[in-house]
Every structure is written in C-alpha cells, then in structure tokens.
Amino acid sequence: MATWKDGAAYAPVERPDGFATPVADPLPAGAPYQPGTPGPMTHPSGFAPLPPLPPPQGAPVLPGYPSRGLAPRPKPPATDAQRGIARVAGALCFVGFLITGTAPFMLVASGALGLATKRLAKTVGWVALSVGGAGLLLQLLLERWQYAPFSFVWTMTALGCAIAFMISASRST
C-alpha cells in the first residue's frame, strides 16, 4: 500500500475512513489590533532656515592634534642591524651572480632579507624575491635546456640587486 512518503501521485483521491475530523469548538474571534503609538506625527513648523555654511578652508584640525595640521612624522634612522641585514642580502645576491645556478635561490633568500629591512631596501627586496621566485618556478617546471636562456636574466638581476642592497646599506636613512 502507498503511503505519504511515496509522493503526491500515490496519494488517495478520497479522504480515508481512518482519518477522523477532530471535534472542537471554533476559536473565538480576536480583539482588533491596537497600535502602541499614535502613528505618524506632523512636521514641526515655525523655525527659521539655517544660514549657509562657509566653504571649507585648509586641512581639518582633529581633536588631539596640533593646530598646524597633520604633518608626516620624520622617519627614524636605520639601525646597524638593518644595515647588516642589507649587506648580507647584497652578498647573497653577489654569490648568485658568481655561481649562476644558484641565482634564483640567492635572490629569494636576499629578497626575504631585504623585506626585513623595511626602511632601507624594501623595494629591492620585492624585486629580488619576485624574480627569484619566478626563477625557481621556471626551474621546477622546465627542463635544463629550456630555462638556460633565463640564467642571464637571473645573474644580471642578482648583480643589480647586489649593487642596490649595498647602496641601500650605506645610506644614512
């Protein structure tokens, strides 16, 4: 015998005898709805219009800031540790220039070190990290004879990054 789980196609056309209509009194009619608020209010009247605002002039002065505006803070000087990290990154790039096969590895390592010296060599670090990462990816995906033309690009990038790291290590800021 079909049940309600079988779907609408198997449902009986007539109401079965075993289904009894419940005997209960109908529910009483509810009380009409009474809103808790009186409804929309009328707009106030009798007020004069506000005068027009003057045009803004200069930079806004925020509470807690000096009245001269929001001037940028001077950067603190680079520390000796940051200069040392930049020199190590330059040396790694120079090793990548001398030993061509290690250039992508050295560029990735020196790029990571360059990112650690935020004020000195952050841009050079991003260049070294991205070129070295692309080089490692090419070495992983291509055969030796297919990525050989890129080794010149990697060595020249390693030389340029070595020079840039050494220059940034010698800067005073």
*Asks:* Write down the atom of Gln82, the atom of Thr117, and the distance for their closest heavy-atom approach.
*Replies:* O-CG2, 3.3 Å
*Asks:* My understanding is that a hydrophobic cluster links ILVMFWY residues whose side chain heavy atoms are under 4.5 Å apart, including indirect links. Using that, what else belongs to the cluster containing Val124?
*Replies:* Phe165
*Asks:* Provide the closest heavy-atom pair for Ala103 versus Thr155 in the form atom of the first, atom of the second, distance.
*Replies:* CB-N, 4.4 Å
*Asks:* Determine whether a donor-acceptor pair (N or O, by modelled atom type, separation under 3.5 Å) exists between the side chain of Arg83 and the backbone of Ala78.
*Replies:* yes
*Asks:* Got a list of side-chain donor-acceptor pairs under 3.5 Å for residues 23-41, not counting sequence neighbours?
*Replies:*
none

*Asks:* Do Leu159 and Cys93 have side chains that get closer than 4.5 Å, going by heavy atoms?
*Replies:* no
*Asks:* Output, in order, the C-alpha distance, side-chain angles, deciding distance and verdict of side-chain contact (heavy atoms from CB on, under 4.5 Å) for Trp154 and Gln139.
*Replies:* CA-CA 12 Å; Trp154 297 329; Gln139 282 185 351; 3.7 Å; yes
*Asks:* Provide the closest heavy-atom pair for Met166 versus Arg87 in the form atom of the first, atom of the second, distance.
*Replies:* CE-O, 3.4 Å
*Asks:* If you compare all heavy atoms of Ala169 against all heavy atoms of Ala86, which two are closest, and at what distance to 0.1 Å?
*Replies:*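 Result for this residue pair: CB-CB, 3.8 Å.
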*Asks:* Hey, are the side chains of Phe97 and Met156 touching, using non-hydrogen atoms and a 4.5 Å cut-off?
*Replies:*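 A side-chain contact exists here, since the closest heavy-atom pair is under 4.5 Å.
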*Asks:* For residues Thr102 and Gly96, report the shortest heavy-atom separation together with the two atoms involved.
*Replies:* OG1-CA, 3.8 Å
*Asks:* Who clusters with Phe105? Use side-chain heavy atoms, under 4.5 angstrom, across I, L, V, M, F, W and Y, and order the result by chain and number.
*Replies:*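 Val108, Leu115, Trp126, Leu129, Leu136, all in the cluster of Phe105.
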